[in-house]
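So the structure is just underneath, and the comments pick up after that.
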Amino acid sequence: MNGTLVLGSLREASRNGLGAAVLMLLMLAMVVVPLPPLLLDVLFTFNIALGLVVLLGTVYVRSPLELAAFPTVLLLATLLRLSLNIASTRVVLLNGHQGPAAAGHVIESFGNFVIGGDYAVGLVVFVILIIINFVVVTKGASRISEVSARFTLDAMPGKQMAIDADLNAGLITQDEARQRRAEVSQEADFYGAMDGAGKFVRGDAVAGILVLLINLIGGIAVGTLQHGMAFTEAGRVYSLLTIGDGLVAQLPALVLSTAAAIMVTRVSSNQDMGQQIVAQLFDRPKSLAVTAGVVGAMGLVPGMPNLAFLSLAAVAGGSAWLLQRRRREAREKSASLAAVPEPAPAELGWEDVTPVDPVGLEIGYRLIPLVDKAQGGQLMGRIKGVRKKLSQELGFLVPSVHIRDNLDLAPAAYRVTLHGVVVGRAEVFPDRDLAINPGQVFGRLEGTVGRDPVFGLEAVWITPDQRDQAQTFGYTVVDSATVIATHLNQVLQDHASELLGYDEVQQLLNRLAKTAPKLVEDLVPKQLPLGTVVRVLQSLLAEQVPLRDLRTIAETLAAQASRSQEPAVLTAAVREALASMIIQNINGLEKDLQVITLSPKLEQLLLQSAQAGNEGGLGLEPGLAESLQRGIRQSAQRQEAVNRPAVLLVSQALRSLLSRFARQVTPTLRVLAWNEVPDDKEVRIVATVGGAD
């Protein structure tokens, strides 16, 4: 009943946030207040049980961060053990003359078990235990913690950049990015705390040696000088108590040191430690067969323990045979499934005519695991994230991506198609990561040199175990699924106007009709046919103007429909109505807008060419067109070099023609008309293209 009350009190204190304070007070009480032997037995037993619980916890976690409180647990367990050392030392020195049971039955039992009637042997065994804990386990764990902490901190900038890249590509949401950033920060805090906690464990091992000497020397002195015991009797009693006390304390210390070593050497996985070891060491029949042969040969040598060696060889050989048999049965089963005869072909029908997919992704056979969830493929989830992000940004539902394998492609190649036309292709390594050079890195990586298929940046294909090193050097590291998803995102964004058709526009109007029914009823088909609205919206998307504010677009079309039915004129009116949003998408919330303009002479020449009836384009002579391209490209590159958007500001009559012309020169250049600049923006001319001046 009393134990139940104590546990209940501790649980209630933990709920109220007082658990740690109560535990510290109890440990302080153990240092100051003498404890009876019975209570010492209970606390020593609890200490051993706590060590085992912590050890098993480290064995079964799948990632170190699942046990993020481990450094604190390690510190509290160390302090508890030191407090018990002080309490047991007090009892040994005060009551040791009464006999081996004076400090409790736990200490007496452990002492008798280790000593076995010989104090010298018991002392040697205890010293060896201390040396193993201090020199091997604790020192190794401390070193690994120190190195892990350093490399984790060095890799943080690269990991943060990878998270930002995934977020910008639409592969993850804001909440997922926030969670991953928190995990990166928590990982750095964990390994830093483990580095410090390892020092406590090493100090505890040193304290164990000192406590042993103090108890042994002090006990013999107290027994002979104060209690008149014979030297041999004092040595017998206090040796048993000292070694028993030390063993009771050092066994949990060794267990916790081992737990700390396991924790810092674990690699995050979807398996616990036992599953990892079995899967990676004992799942290879060839390794077990060779081991069986070597051990069996050693067992045949005369004078060797033949039974032990030959028995182990038989077990290893039998395991190898069973594993090989299971693999052969699995292959035969797969072959039998593949050999099932196909049914006779049915008559052809219209359903056999496959329609062209709006968006398609064709992959080589080596990339199939990337889309197979059963094999851990993540590409399907990444593509869903891309579609969701683009749909929110563009203002309409991006069509589904139809993925299929294509044996005509290279094994690791893929290509993106729109309405059956290939608009992007590249090759990836499914078992490697792509380390992209963002412009400034601090080291060189070993791997296959390549390029980022989206922006053409220099990159290196590396093995997964080089990821941390690459992030430390400043590379942005992404896996193969992310490379494909990012490429798909860029292709869909560049060809958004080709994804919008009649059905999509009708869906947009139906959704708008729920909030503005009269507007939609008057617009289509009373004032404008649906085809004209489709062409206007496609023109907006072609120039990277999203359709999120559909109500403003519809109101502008309704107001301008009586003046003109031409899509180009209507598009210009809609752009002027959306001017604030267009400028914000280009320039953010900056007050001033840096622009590139044309010289008056060149602009007048272009106006004359446009009015001469060249509806298909500007109709410039080759020399002037080349000079105009060069001037626009150089001015845009100077703006991008200082991390500013490249904007060409021209008259309304030239905007549409120059937009198509500039799109072929530099895709990042945005062309605006003077009437599309809001009144609250300050225009600052940073360059003037002179043309053929």
Side-chain angles (χ1 to χ4, degrees), residues 62 159 161-173 176-177 180 267-271 279 334 338 357-391 398-418 422-436 445 447-457 459-468 470-471 475-493:
R62 300 185 177 183
K159 292 180 179 179
M161 291 180 64
I163 295 172
D164 293 339
D166 288 349
L167 178 62
N168 294 333
L171 307 181
I172 57 176
T173 62
E176 291 172 335
R180 287 175 56 179
V267 177
S268 297
S269 171
N270 59 356
Q271 299 174 316
S334 300
D357 297 312
V359 184
L361 176 63
E362 300 177 359
I363 59 176
Y365 69 85
R366 284 192 60 198
L367 303 185
I368 292 177
L370 295 179
V371 299
D372 186 1
K373 293 184 178 180
Q375 302 183 50
Q378 301 179 351
L379 185 56
M380 297 290 290
R382 303 284 174 84
I383 291 177
K384 285 184 180 179
V386 168
R387 288 186 59 219
K388 181 177 180 181
K389 178 175 180 291
L390 281 179
S391 299
V398 174
S400 309
V401 180
H402 182 217
I403 304 176
R404 66 183 182 90
D405 60 312
N406 187 343
L407 296 179
D408 294 332
L409 292 177
Y414 70 90
R415 63 187 186 188
V416 183
T417 62
L418 292 183
V422 178
V423 291
R425 62 182 303 159
E427 189 169 353
V428 298
F429 295 86
D431 55 346
R432 296 193 178 188
D433 293 338
L434 185 64
I436 304 172
L445 295 172
T448 304
V449 178
R451 284 194 174 273
D452 168 35
V454 182
F455 305 107
L457 299 175
V460 181
W461 287 99
I462 60 175
T463 56
D465 57 2
Q466 294 177 274
R467 172 181 282 266
D468 291 341
Q471 291 174 339
Y475 287 86
T476 299
V477 184
V478 293
D479 56 26
S480 301
T482 303
V483 172
I484 299 175
T486 306
H487 194 184
L488 178 66
N489 175 78
Q490 188 65 35
V491 168
L492 296 181
Q493 202 165 30

Nearest 0.5 angstrom please: [X] [atom1] to [Y] [atom2], how far?
X	Y	atom1	atom2	value
L367	I403	CG	CD1	11.0 Å
R467	D465	CZ	CG	11.0 Å
K389	Q493	NZ	CD	6.0 Å
L370	M380	CG	CE	12.0 Å

Quick one: do the T482 and D479 side chains pair a donor with an acceptor below 3.5 Å? yes
If you apply the rule side chain to side chain contact (heavy atoms under 4.5 Å, CB included), what do you find for V478 with I436, and how did you get there? CA-CA 8 Å; V478 293; I436 304 172; 4.2 Å; yes
Closest heavy-atom contact between [X] and [Y]?
X	Y	answer
G360	V401	C-CG1, 4.4 Å
G364	L409	N-CD1, 4.2 Å
A485	L379	N-CD1, 4.3 Å
I462	A470	CD1-CB, 3.8 Å
P453	L434	CD-CD2, 4.4 Å
Q378	A481	C-CB, 4.5 Å

Working note: T476 + D452, criterion side chain to side chain contact (heavy atoms under 4.5 Å, CB included); need CA distance, chi angles, decisive distance, verdict. CA-CA 11 Å; T476 299; D452 168 35; over 6 Å; no
Side-chain donor or acceptor of R415 paired with backbone N/O of E362 under 3.5 Å: no
Backbone of R432 reached by a side-chain donor or acceptor of S480 within 3.5 Å: yes
Do [X] and [Y] make a side-chain contact, defined as non-hydrogen atoms from C-beta onward lying under 4.5 Å apart?
X	Y	answer
R382	I484	no
I363	N406	no
L361	V371	no
D433	Y475	no

Working for side chain to side chain contact (heavy atoms under 4.5 Å, CB included), residues L418 and L492: CA-CA 9 Å; L418 292 183; L492 296 181; 4.1 Å; yes
